[in-house]
Amino acid sequence: MNCKLLLFDLDGTLLRTDKTISAHTLEVLQKCRSKGILIGVCTSRSEKNSMKFISELCPDIIISSAGALVKSDGRYIYKAEFSVEETMNMIETVRKICGDDCEITIDTADEHYWNYKIAPQKQDASWGDSIYTDFSDFSKAALKMCVEIFDDTAAEKMKSALTDCDCVRFSDGFWYKFTKKSATKENAILKLCSKRNISTENIIAFGDDFADMGMLRLCGTGIAMGNAIEEVKSAADLTIGSNDNEGIAEYLTKAFIY
């Protein structure tokens, strides 16, 4: 198997349910790296909210904010950003359709902003530093906006109103992500491949949720976790063990270590 890059989604994939990476998985990844294989993450989290795991992994590649930002060997090589005016208009549209009290998060290139009723760190200690704002006078360029939308009709109205956005729902709740139309995980991988002279055929990608489906179809080998939703399993080349049962470590050990 001529693999040049292992690319991992974080939540539900490389991370266990308790939001940690097992010591065994880290050990196996280090062995893969010693064989000349690059390690990368491809996550819907912002880079800021991934720092705990980035410091553990020291990845060669970081694709964050669902494909809106790409970093290779410590340098940013791609950014798909809404202008300040576009970001303000998106917030205004959200509030018109979903109400003034709807919960919103926004990733910028440097920070993660939120207006949750409960601080995100209390729900997930791994979330890292985030900044509270009521978004009433928000004037920063966004990479990604997420909105909690409980009503399917409102979600469809949002998709129709924000025609310049790629919209994907997260399967574990009522959150929808909005990025630039071009900001998907698969498009970010194509940008990366162009810069690093890597073929998609030489990438093994791992995922579990809707936002991972394009990535798994694009890469040479697309792998669904055992805990993945059925749509992801159907899009993948194979399904391995779950994120809580060393699925990744077991697969990589068989493929590359022994």
Side-chain angles (χ1 to χ4, degrees), residues 9-13 42-46 48-49 64-69 80-109 111-124 127 130-188 207-215 227-235:
D9 174 49
L10 286 178
D11 295 280
T13 301
C42 189
T43 179
S44 290
R45 287 186 183 231
S46 69
K48 183 84 169 181
N49 294 144
S64 57
S65 295
L69 195 62
E81 193 174 51
F82 296 103
S83 68
V84 171
E85 183 179 3
E86 286 173 326
T87 302
M88 294 172 69
N89 288 340
M90 287 166 64
I91 294 170
E92 182 180 358
T93 300
V94 169
R95 288 184 155 158
K96 282 181 179 177
I97 294 173
C98 302
D100 290 337
D101 62 344
C102 70
E103 295 195 349
I104 301 170
T105 70
I106 284 181
D107 296 348
T108 68
E111 300 291 350
H112 177 78
Y113 295 87
W114 57 279
N115 69 343
Y116 293 0
K117 298 172 182 66
I118 301 173
Q121 297 90 339
K122 291 184 178 180
Q123 303 175 61
D124 179 357
W127 205 242
S130 300
I131 299 172
Y132 175 81
T133 176
D134 64 6
F135 292 111
S136 60
D137 58 352
F138 194 80
S139 57
K140 296 181 183 295
L143 294 169
K144 181 190 71 175
M145 177 178 70
C146 287
V147 185
E148 190 174 35
I149 311 174
F150 295 101
D151 181 70
D152 289 343
T153 301
E156 290 304 315
K157 286 182 179 179
M158 281 289 298
K159 292 177 187 179
S160 297
L162 300 178
T163 55
D164 190 38
C165 292
D166 181 75
C167 175
V168 177
R169 179 178 174 174
F170 297 107
S171 65
D172 59 350
F174 296 92
W175 285 90
Y176 293 76
K177 75 92 180 174
F178 296 87
T179 54
K180 281 281 190 181
K181 206 79 169 176
S182 60
T184 62
K185 290 188 176 185
E186 55 269 32
N187 284 343
D208 73 299
D209 209 347
F210 290 118
D212 301 319
M213 292 171 63
M215 170 177 75
N227 52 284
I229 59 174
E230 290 303 315
E231 291 89 339
V232 172
K233 292 178 181 178
S234 296

*Asks:* Measure the spacing between CD of E103 and CZ of F135 and express it to the nearest 0.5 Å.
*Replies:*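 E103 CD to F135 CZ: 10.5 Å, rounded to 0.5 Å.
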
*Asks:* Looking at every heavy atom in both I149 and Y176, which two are closest together, and how far apart are they?
*Replies:*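 Taking I149 first and Y176 second, the nearest heavy atoms are O-CE1, 3.6 Å.
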
*Asks:* Would you mind reporting whether S44 and K185 have side-chain heavy atoms less than 4.5 Å apart?
*Replies:*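 Yes, their side chains come closer than 4.5 Å.
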
*Asks:* With D208, which residues qualify under side-chain hydrogen bond (donor to acceptor under 3.5 Å, both in side chains), at least two apart?
*Replies:*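 D208: side-chain hydrogen bond (donor to acceptor under 3.5 Å, both in side chains) contacts with T13.
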
*Asks:* Among residues at least two apart in sequence or on other chains, which ones pass ring-ring contact (aromatic ring centres under 6.0 Å, His included) with Y113?
*Replies:*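 Per chain and number, Y113 pairs via ring-ring contact (aromatic ring centres under 6.0 Å, His included) with F138.
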
*Asks:* Considering residues at least two apart in sequence or located in another chain, which fulfil the side-chain contact (heavy atoms from CB on, under 4.5 Å) criterion with A142?
*Replies:*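 By the side-chain contact (heavy atoms from CB on, under 4.5 Å) rule, A142 matches F82, T87, I106.
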
*Asks:* For Y132 and W114: C-alpha separation, side-chain torsions, deciding distance, then whether side chain to side chain contact (heavy atoms under 4.5 Å, CB included) applies.
*Replies:* CA-CA 5 Å; Y132 175 81; W114 57 279; 3.5 Å; yes

*Asks:* Applying salt bridge (charged side-chain N to carboxylate O under 4.0 Å, His left out), can you list everything that pairs with D209, at least two apart in sequence or on another chain?
*Replies:*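 In terms of salt bridge (charged side-chain N to carboxylate O under 4.0 Å, His left out), with neighbours along the sequence ignored, D209 is linked to no residue.
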
*Asks:* State whether the side chain of N227 and the backbone N or O of G12 hold a donor-acceptor pair below 3.5 Å, judged by distance alone.
*Replies:*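 Looks like yes, one N/O pair under 3.5 Å.
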
*Asks:* Kindly check if the number of other-residue, nucleotide or ligand heavy atoms within 6.0 Å of NZ (K140) is above 12?
*Replies:*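 Check fails, neighbour count at 12 or below.
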
*Asks:* Roughly how far apart are C167 SG and K181 NZ, rounded to 0.5 Å?
*Replies:*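 Rounded to the nearest 0.5 Å, the SG-NZ separation comes to 9.0 Å.
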
*Asks:* Return the set of residues passing side-chain hydrogen bond (donor to acceptor under 3.5 Å, both in side chains) with K144 (not counting sequence neighbours), or none when no residue passes.
*Replies:*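 Counting only residues at least two positions away or on another chain, K144 forms a side-chain hydrogen bond (donor to acceptor under 3.5 Å, both in side chains) with D107.
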
*Asks:* Please collect all salt bridge (charged side-chain N to carboxylate O under 4.0 Å, His left out) contacts where either partner lies in residues 152-162, sequence neighbours excluded, each pair once.
*Replies:*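 Only E156-K159 qualify under salt bridge (charged side-chain N to carboxylate O under 4.0 Å, His left out).
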
*Asks:* List for me each residue that meets salt bridge (charged side-chain N to carboxylate O under 4.0 Å, His left out) alongside E85, sequence neighbours excluded, and say none if there are none.
*Replies:*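 Testing E85 for salt bridge (charged side-chain N to carboxylate O under 4.0 Å, His left out), a comparison that skips the adjacent residues, returns none.
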
*Asks:* When rounded to the nearest 0.5 angstrom, what is the spacing between CZ in F178 and SG in C146?
*Replies:*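 F178 CZ to C146 SG: 8.5 Å, rounded to 0.5 Å.
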
*Asks:* Roughly how far, to the nearest 0.5 Å, is CE of M215 from SG of C42?
*Replies:*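 Going from SG on C42 over to CE on M215, the span is 5.0 Å.
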
*Asks:* Quick one: side-chain hydrogen bond (donor to acceptor under 3.5 Å, both in side chains) partners of D11, sequence neighbours excluded?
*Replies:*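 Scan of D11 (side-chain hydrogen bond (donor to acceptor under 3.5 Å, both in side chains), adjacent residues dropped) gives K19, R45.
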
*Asks:* With sequence neighbours excluded, what pairs up with S182 under the side-chain hydrogen bond (donor to acceptor under 3.5 Å, both in side chains) test?
*Replies:*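 Scan of S182 (side-chain hydrogen bond (donor to acceptor under 3.5 Å, both in side chains), adjacent residues dropped) gives Y78.
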
*Asks:* Which heavy atom in K177 sits nearest to a heavy atom in A183, and how many Å separate them?
*Replies:*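 Smallest heavy-atom distance, with atoms named: NZ-O, 3.4 Å.
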
*Asks:* Side-chain donor-acceptor contacts of residues 93-102 below 3.5 Å, not counting sequence neighbours, with atom names and distances?
*Replies:*
| unit_1 | atom_1 | unit_2 | atom_2 | d |
| --- | --- | --- | --- | --- |
| T93 | OG1 | N89 | O | 2.9 |
| R95 | NH1 | D134 | O | 3.4 |
| R95 | NH2 | D134 | O | 2.4 |
| K96 | NZ | E92 | OE2 | 3.4 |

*Asks:* Between CE of M90 and SG of C165, what distance do you get to the nearest 0.5 Å?
*Replies:*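 Between atom CE of M90 and atom SG of C165 there are 4.0 Å.
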
*Asks:* Would you please classify the geometry between the Y116 ring and the W175 ring as parallel, tilted or perpendicular, with 30° and 60° separating the classes?
*Replies:*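 The rings of W175 and Y116 sit tilted, inter-plane angle from 30° to 60°.
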
*Asks:* Who are the salt bridge (charged side-chain N to carboxylate O under 4.0 Å, His left out) partners of E81, not counting sequence neighbours?
*Replies:*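 E81: salt bridge (charged side-chain N to carboxylate O under 4.0 Å, His left out) contacts with K79.
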
*Asks:* For the residue pair S65 and T179, establish whether any side-chain heavy-atom pair is separated by less than 4.5 Å.
*Replies:*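 With C-beta onward as the side chain, the pair stays apart.
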
*Asks:* CD of E111 to OG of S46: how many Å apart, nearest 0.5 Å?
*Replies:*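 With rounding to 0.5 Å, CD (E111) is 8.5 Å from OG (S46).
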
*Asks:* Looking at every non-hydrogen atom in both residues, tell me the closest pair between A68 and L143 and how far apart they are.
*Replies:*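 Result for this residue pair: CB-O, 3.6 Å.
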
*Asks:* Residues two or more places apart in sequence or in another chain: which of them pass salt bridge (charged side-chain N to carboxylate O under 4.0 Å, His left out) with D164?
*Replies:*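 With neighbours one apart ignored, the set is K180.
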
